[in-house]
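Written below as structure tokens is the structure these notes are about.
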Number of protein chains: 2
Amino acid sequence: MGRLAELFDPETVAVVGATDREGAVGRAITANLQDRFDGEVVPINPGRDEVLGLECYSDVSNAPPIDLAVVVVPPDAVIDALRDLGEAGTRNVVVITAGFSETGGEGADRERRLREVAAEYDLNVVGPNSLGVMATPSGMNATFGPEHALEGSISFMSQSGAFITAVLDWANEQGIGFQDVVSLGNKAVLDETDFVREWGDDPDTDVIIGYLEDVDDGQGFIEAAREVTDDTPIVLVKSGRTDAGAQAASSHTGAIAGSERAYEAGLEQAGVLRARSVQELFDSARALAGLPEPESDGVAVVTNAGGPGVLTTDAVGDSTLEMAGFTDETIDRLAEAMPDEANVYNPIDAIGDADVDRFGEALEIALEDPNVGSAVVVAAPTAVLSYDELAETVIDKLEEHDTPVVTCLMGGGRARDAEETLRESGIPNYFDPSRAVSGLDALARFRDIRERTADEPERFDVDRERAREILARAERSDDNRLGVESMELLEAYGIPTPDGEIVDDADRARAVAESIEDDVVMKIVSPDISHKSDIGGVKVGVPDDEVYDAYEDLVARARNYQPDATILGVQVQEQLDLETATETIVGMNRDPQFGPLLLFGLGGIFVEILEDTSVRVAPVGKGEARDMIDEIQAAPLLRGARGREPADVEGVVETIQRLSQLVTDFPAILELDVNPLVAGPDGVEAIDLRLTVDPDELADDTEEL
Amino acid sequence: MGRLAELFDPETVAVVGATDREGAVGRAITANLQDRFDGEVVPINPGRDEVLGLECYSDVSNAPPIDLAVVVVPPDAVIDALRDLGEAGTRNVVVITAGFSETGGEGADRERRLREVAAEYDLNVVGPNSLGVMATPSGMNATFGPEHALEGSISFMSQSGAFITAVLDWANEQGIGFQDVVSLGNKAVLDETDFVREWGDDPDTDVIIGYLEDVDDGQGFIEAAREVTDDTPIVLVKSGRTDAGAQAASSHTGAIAGSERAYEAGLEQAGVLRARSVQELFDSARALAGLPEPESDGVAVVTNAGGPGVLTTDAVGDSTLEMAGFTDETIDRLAEAMPDEANVYNPIDAIGDADVDRFGEALEIALEDPNVGSAVVVAAPTAVLSYDELAETVIDKLEEHDTPVVTCLMGGGRARDAEETLRESGIPNYFDPSRAVSGLDALARFRDIRERTADEPERFDVDRERAREILARAERSDDNRLGVESMELLEAYGIPTPDGEIVDDADRARAVAESIEDDVVMKIVSPDISHKSDIGGVKVGVPDDEVYDAYEDLVARARNYQPDATILGVQVQEQLDLETATETIVGMNRDPQFGPLLLFGLGGIFVEILEDTSVRVAPVGKGEARDMIDEIQAAPLLRGARGREPADVEGVVETIQRLSQLVTDFPAILELDVNPLVAGPDGVEAIDLRLTVDPDELADDTEEL
């Protein structure tokens, strides 16, 4: 266990603000603790000698040593209470009291002071505005909710206290148990990252689940979750997925909403399985908590009913799993064991008169097939099939083969007892074939997360000092922006750019053009003109003898378009063969939660109309950079579809990695676009660049160098 | 009621093959009927005088008049039994017996004979291989399943008997009732289309639901369902959605699988709401059965818990609905009625201490807002909120406003009684906010289906006889294919083609080119060369003085590529301005279930790599043709994105409609591709054509003309 061990396993819990007044939160917490907790409960309240029959202390200073304090005093008294606790040597505090940042104004100020006191005394503070915490092994229920949790191996955090109350009521009915439960509240001190780390170290936690409305520190969370998901799965409902939802979440928590795309990428990179609904959260969690890991993606379906068998097959088709192809031996054995009318291919239809023996035999043969990594038993109620016996058989087969099996015993009341028997052995039964398959799917997806090779970002050898110098130029521009005149920035990070130069007279333009084989491209360079093509500020295929006039013309057009524009010159560049090359875009902006978010896409219609782009949180490894490319729908165009010569995809991969390093090295880069990055068969070249820099941040960077 | 009225409301039901032998199907059916049916049950079995205490007849000929007969005799005896029933004047028969087409070979033959006898005596036959039928008003349970259905207004058909058994067990527990239930079996005579028609006429059926693995006659189904969904919603699980599922379904039913895209389009055109799982089927059906129609898509969310409120908002964002924007008046009223900490914007968070009065007031104010078309009440359990009282309040508000309201009373046992109270008033309570919203979504989608204006296919004035003559040429080709030499076919149907001609000597080529302004395009025309460009068989921008040589070169290239190729000549065509125009594709193939399936897409990468296409079953109306265009991702390109001049989209719409008419007029056209159909700002032109014809079918067409 980690640094929060004592928070979840205290010997003494104080309730600061305990009372026996009916309906008071301070009473509910004391009563919940008293109910089952096997440690000592210490009420603290200067106005009482006794609370619910327990000796009550006037002050923490005269109470016995306290491992965990639950604070329910009025908002104004919270800071002093924390200070007193800190002085008395208590390290773990849950602040139930509301009236902090969630109310804005004065409350936000109060929360700032809370954070300061916590830092001063090194307090682990849950909340404020929390429902409390639970730990089932010791029976500790330090919440004011109406329910105790059953014991189990799922640890559960929630940014909504009501969500915990609702889930526990339902979970108790379903027989689903928990290890630790935390209502995160306002997350002033401890947040999701802390609990992920803690539970990752906890041998009694098999699965971490959560309901989150935001992630405080995206980069820290990714780092922690990546480590933890090496052996403990994390399943999260992150709400505010949609625009409307994000707005609602932001008004609920007061957090600045990061973009859904950043969350999607960041949580995926963190190795988190994301659930879209409460139901999916528990469908996944139950499978992950109780079942072994599937060795392959092949699923066997065993049923007594054709229709439900087809539905299950559809669900497999919808998932990341696949229907197992049986070996000839399996098919022969099934044909021998099953009646003639049975279907011995997958899904195995043991037909309507199948009893538990026939089901068992079919399942046994399927699980012995090397292509089967998991199985779903789907049954419709019949006169000859006992669900209770079938449950026992499934349990035996799972134990024997150590292969995950889930069930979908269709129907209502008929399945209840069997469902409970299965649950006791860790086997989830699902109402619907699609949910059963999604349970298995979670197992396979977690296996893939565990198995993914460490994709550590490479560090390329770059000229960081030179890059810093170029970025510093931004300070001189009005809007802190840099453009194509700063292509050297890319060169400093080893990203190829075309031969050429920015020149400020027509003769020099001609000289540069002559030094370049073939015709050239010429572009006006001005921070005030962002859409060069629209004003005729780009000329392609200019032969050497027309360069002089082209220069004059470009400058004239720019002047004509905007008389007071700052004109830095004209870029004279090698003309690339766009017949065989493809234009791509690599961009970056900063997300408030996750930081630098890289974007990749093909240019033009693909980005603007089809919105065919992929994103990742930087820094990215080679594998992630490659995934960014393969994820877009138009990827086959780069890979050589329609008879084209394949582009240098590895060159694009390396460019993405180098840009990832650049934006990670310089938090001062707020936005960046390499557009286009041209990818041809023989390599890639960055043609144009725009970026925005925060000069203050740059000054900070410099100190570090 | 329609022609099947007697099937669902018979006065006398005979069980042909009745028995009291334990475990026999003939006993189970007799017992199920005897149990609740308020009509007469007539056992028929030559070997018995009495079955389960009822007088048993040796033969239908000596039994009382029979309105409905349930046949459970062995397969070999079924045909004779049907004949006897027909002779005796019985019109409605359910064949329970299996061993027909589902077993192939002899069984298929037997099914053919069954169909013949049914036609001879005009019998309404359900099955064979059916679980039976139920009609709850009379208590008629003519199935051998273990459950009776509760009475309700949902009529339910299923191609899987096991699915019915499983659903009823669960539905009984949930208190969900049915009007009629039919196990379709092999659908030898009566199929889904018959029951859709029947229930569409049945005033006691509010919702039609079904589990289908195939649709026998797609065009007939679309026609029937379109009529019925004018006032009765149809919700279907059509399995075999995925490739694996389709394969499993085909092995289960023996049907040739149509394509999922055809089903998707056909069911949508039919006005069917499609559910992806059993759960979604009932989540939708419960809302449709019990709730009024929403007047708008604006949803109000009322909750006592921020987190669940955000989750519900996300679910609205995922659906076709939207969060209602409240009027200023609503916000003022809410602000007055709610405590300061409450959120009075949508979702309304009445906060944790909300009792039923505050909930009721918030709901009342929300339902009075003109922007609110429906509402979700989402509650987490608290000490101050009684779910039972909340249920009563929701019922009152719904009745008062006649606006649909669903609930998500989170938790388990705590919600049971309230859930039942709500159910009795037709209000579904859902476990999960996302399911609650999907219930409301089904209501809105059905309203849209009801409201969609009749989009009858137009009949254009065409030269059908000329088209037939051109199609007849296909008989002369080896593979019944026609190509660009048959562009006149399109002209006969009023589809514009470029100026030009197919010529077979170089002088004529030059003459044609000279008659055309501007340069021309020249293409080799040969049925043996399908990819002309690949062999250099296309020349663009040919000036008049190069036409002669170009002709010779094209023919030489074709000869060189394939010495024995049939060369029909060279097409000399007006060169279109591809700078301002966009290439599109309109294609058609025939689906085994739905017939002519039209496809639209932009050419090249959009179809080949991005698979950005849309499909509809022909014939299509103008609205459907327009939807085909707007549905593709790249549609903005035609509509004038990126500063382009918009293409003549209405010209494309009309071309789709005219092709729809062509392929509907001539079932002999098996496949057709107009590729490209060029759409420019001033109009459209079909540039190339390929089609395959079935000459035998064409002969049949001719007779009709």
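Quick note on labels: first sequence line is chain A, next is B, and so on, each numbered from 1.
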What part of B:Val237 gets within 4.5 angstrom of chain A, counting heavy atoms only: side chain, backbone, both, or neither?
side chain

Of the listed B:Gln633, B:Arg241, B:Met410, the one with the largest count of heavy-atom pairs under 4.5 Å with chain A is B:Arg241

Mind checking side chain to side chain donor-acceptor pair (under 3.5 Å) for A:Thr242 and listing every partner two or more places apart, or none if nothing turns up?
B:Asp314

Identify which part of A:Val384 has an atom lying under 4.5 Å from any heavy atom of chain B, answering side chain, backbone, both or neither.
neither

Segment of A:Phe282 engaging chain B (4.5 angstrom heavy-atom cut-off):
neither

Under the rule for salt bridge (Lys or Arg N to Asp or Glu O under 4.0 Å), what residues qualify as partners of A:Glu322, not counting sequence neighbours?
none

Engaged part of B:Glu341 at the chain A interface, taking heavy atoms whose separation is under 4.5 Å:
neither

Check whether A:Asp318 gets within reach of chain B through its side chain, its backbone, both or neither, counting any heavy atom under 4.5 Å.
both

Bottom line for B:Arg639: the part with an atom under 4.5 Å from chain A's heavy atoms is neither

Check whether A:Val167 gets within reach of chain B through its side chain, its backbone, both or neither, counting any heavy atom under 4.5 Å.
neither

Which atoms of A:Pro146 are under 4.5 Å from chain B, going by heavy atoms: the side chain, the backbone, both sets, or neither?
both

Given heavy-atom pairs under 4.5 angstrom as the criterion, report whether the side chain, backbone, both or neither of A:Ala244 touches chain B.
both

Could you have a look at B:Ala162, B:Gly317, B:Ser239 and say which one has the most heavy-atom pairs with chain A under 4.5 angstrom?
B:Ser239

Under 4.5 Å from any heavy atom of chain B, what part of A:Ser277 do you find: side chain, backbone, both or neither?
both

